[in-house]
Amino acid sequence: MLRGYAVLYLIFLYAPIALLPIFAFNDGSIIAFPLQGFTTRWFSELWTNSALHNAVQNSLFIAVMTAVFATLLGICAARAGAMASFPGKQGILGFVMLPLVLPEIIVAVSLLIVLRQVLGLQLSNWSVIAAHVLICTPFSIAILNGAFQNLDPAMEEAAMDLGESRWSAFRLITLPLVMPGIVSSLLISFTISLDEFIIAFFLTGTNPTMPVYIWGLLRFPGQLPVVMALGTILVALSIILLTIAEYYRRRGLARAGVADTGGFL
Amino acid sequence: MTRPLIHLESIHKYYGDYHALRGIDLDIRPGEFFSLLGPSGCGKTTLLRTIAGFEDVSSGNMFIDGRDMKRVPANQRPTNMVFQSYAIFPHLTVAENVGFGLRRDPRPKAEKAKAVEEALEMVGLRGYGKRAAHALSGGQRQRVALARALILKPKVLLLDEPLSALDKKMREQMQVELIRLQRSVGITFILVTHDQEEALVMSDRIAVMFEGEIGQMADPETLYRRPNSRRVAEFIGKMNILPGHVTEGGPGVTVDVAGLGRAEVATEQAPGGVVAGDTAVGIRPETLAILFEGEETTRRVVEGVVDEVVYYGDMTYYDVRVDGVPEPLNISMKNLIGRPVLDVGTRTRVAWDERSLVVLAR
């Protein structure tokens, strides 16, 4: 029984995604069966579309920046959560995780109001980065918490006791042990930012990100196969990045010799 | 006395309002095996960490090898520490762990590798250098932690409950090995432990700590036989505590002990000092003896009834109720040939000796 449900669920989940590559290679501008034959035409069209290139560039820039900032913030929070104790620690750490369940549309609208009405700033890639950092940081903290909580705080002290300074103790002991968590956090933040739509839609300035650009393409039925081709590439890229992230997370646990407790994949 | 290696002068430590160390004065001699013993929360680990330089002192002076330790950070002190969790670096090999402290050592690589190999051999882990540190057993981690700290030839080795994570058998074996190691390297060891037996077995001297203060500091035998207060007496080993009343007199001390009667004791049997009036009197279970059928003694005798019997194989532990003594007396008897094990409810005689009484302050 359970197995039957699981199979149905997987079909429901992945069948639409499976359509992407099928129609991306279909030689016909209408998305319908029967298939017309094999072509890579839509992919070459991607290659020559300069508006798309700009959108991709924007998205990559935003995703890289988001990944770096979210991970830096995540390191600080996770380290404080694991090693320091201060009044109200539990409450503060709980609040930091809140954006994880906050509806993105609310984040988007309120940020738009703050940026435009309250601060009077122009929308740009940086406004999207700020919002993406907001939603990615909880993921980063969740990943890095695991890495930091497995650390014995006495290890940095031991390194200092053996002659190292505070910074070199962190660099030689803590950093290598949490590095897999950092890589994993970078990759997941990057992926989340790369295909985030709602916030980007509200907060992009004159140059859209890739998801916003794709949404724009949907108004032209003739462009649909191109969207399919682009979608195929994105799905492949997401899967690859998440797999790498999970690989690093598990390697980190194995290196520290602790049991696996969850994770995203 | 030779110049102390470690000299502490009225060390105080506050965490906010909490007064963790309340005026510690301490001298530790070079080459000594010194233990800080006490219940959890007594400040013994805090004291060790201030010596290591992980905690600042709020006031007071600390000298190690004649050098003032004020504002000297942990990485510049002539001390090394074995942590309770061992704090082995799991991403490094055993040899990299042991050689960690030599990173800033200018000697050539081959010499350092030799030093690592020697350190491993010293703790009985020869040939383990290439293994991954996280794959070691508890006892092996302990040895790696020891080798890692000793390779720097510190003036003082600080050990924070190093045996508490090991099982009983392993613990006893490591106790013996630690003593042997300490004698062979000649380094001063300071051990923190809550296990009084461990402290008695291993130390040259012990400081018993309660609530941020040193209750008594002495060699194990003095500590056991002449505790200076009731809490030290009760913390170290087992002690029968009886109410007593000191009446002044003579060169010695005259004390009325509840249930046992009047006794004359020497002044050194009251190491905490004597004041006339109500007091507590201690007597160890092994200095009391059950007189079995037909046995006679020149010692003093009281009568009692066996209240409880615990048979331990080599020993039998009795609780004997004696008229006038509020709590049953604990008596431990070796099970020698021909000695019966008494049943609960048996009337028996108990022999005791004035020389084994301790008059306890407070």
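Order of the sequence lines sets the chain letters (A, B, ...), proteins ahead of strands, with each chain counted from 1.
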Trainee: Select one option (side chain, backbone, both, neither) describing which atoms of A:Ala159 are under 4.5 Å from chain B's heavy atoms.
Mentor: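 Answer is both: backbone and side chain atoms of A:Ala159 are under 4.5 Å from chain B.
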Trainee: For B:Pro90 versus A:Met155, what's the shortest heavy-atom pair and its separation?
Mentor: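 Shortest heavy-atom separation between B:Pro90 and A:Met155 comes out as CD-SD, 3.4 Å.
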Trainee: Between B:Arg148, B:Arg77, B:Gln76, which has the largest tally of heavy atom pairs under 4.5 Å with chain A?
Mentor: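 Maximum pair count with chain A is reached by B:Arg148.
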Trainee: So which part of A:Thr174 gets closer than 4.5 Å to some heavy atom of chain B, the side chain, the backbone, both or neither?
Mentor: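 A:Thr174 has no heavy atom closer than 4.5 Å to chain B.
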Trainee: Heavy-atom count check: over 12 atoms from other residues, nucleotides or ligands less than 6.0 Å from B:Glu177 CD?
Mentor: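 More than 12 heavy atoms, drawn from other residues, nucleotides or ligands, come within 6.0 Å of this atom.
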Trainee: Tell me the closest heavy-atom pair linking B:Phe83 and A:Glu157, and the distance in Å.
Mentor: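 Closest approach of B:Phe83 to A:Glu157, heavy atoms only: CE2-OE1, 3.6 Å.
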Trainee: What part of A:Asp152 gets closer than 4.5 Å to chain B, counting heavy atoms only: side chain, backbone, both or neither?
Mentor: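 Answer is side chain: those atoms of A:Asp152 sit under 4.5 Å from chain B.
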Trainee: What part of B:Leu102 is in contact with chain A, defined as an atom under 4.5 angstrom from a non-hydrogen atom: side chain, backbone, both or neither?
Mentor: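 Neither part.
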Trainee: Do other residues, nucleotides or ligands put more than 12 heavy atoms under 6.0 Å from the NZ atom of B:Lys155?
Mentor: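 No - once you tally the heavy atoms of other residues, nucleotides and ligands closer than 6.0 Å, there are 12 at most.
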Trainee: Around atom CZ of B:Arg107, are there more than 12 heavy atoms from other residues, nucleotides or ligands closer than 6.0 Å?
Mentor: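 Yes.
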Trainee: Heavy-atom cut-off 4.5 Å, strictly under: side chain, backbone, both or neither for A:Leu172 against chain B?
Mentor: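 A:Leu172 touches chain B through backbone and side-chain heavy atoms alike.
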Trainee: With a 4.5 Å limit on heavy-atom distance, are the side chains of B:Asn75 and A:Asp161 in contact?
Mentor: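 In short, these two side chains do not touch, never coming nearer than 4.5 Å.
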Trainee: Just verifying a value: how many Å separate A:Ile173 CD1 and B:Phe89 CZ, rounded to the nearest 0.5 Å?
Mentor: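 A:Ile173 CD1 to B:Phe89 CZ: 4.0 Å, rounded to 0.5 Å.
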Trainee: Write down the atom of B:Arg104, the atom of A:Ser168, and the distance for their closest heavy-atom approach.
Mentor: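 The pair with the smallest heavy-atom distance is NH2-OG, 3.5 Å.
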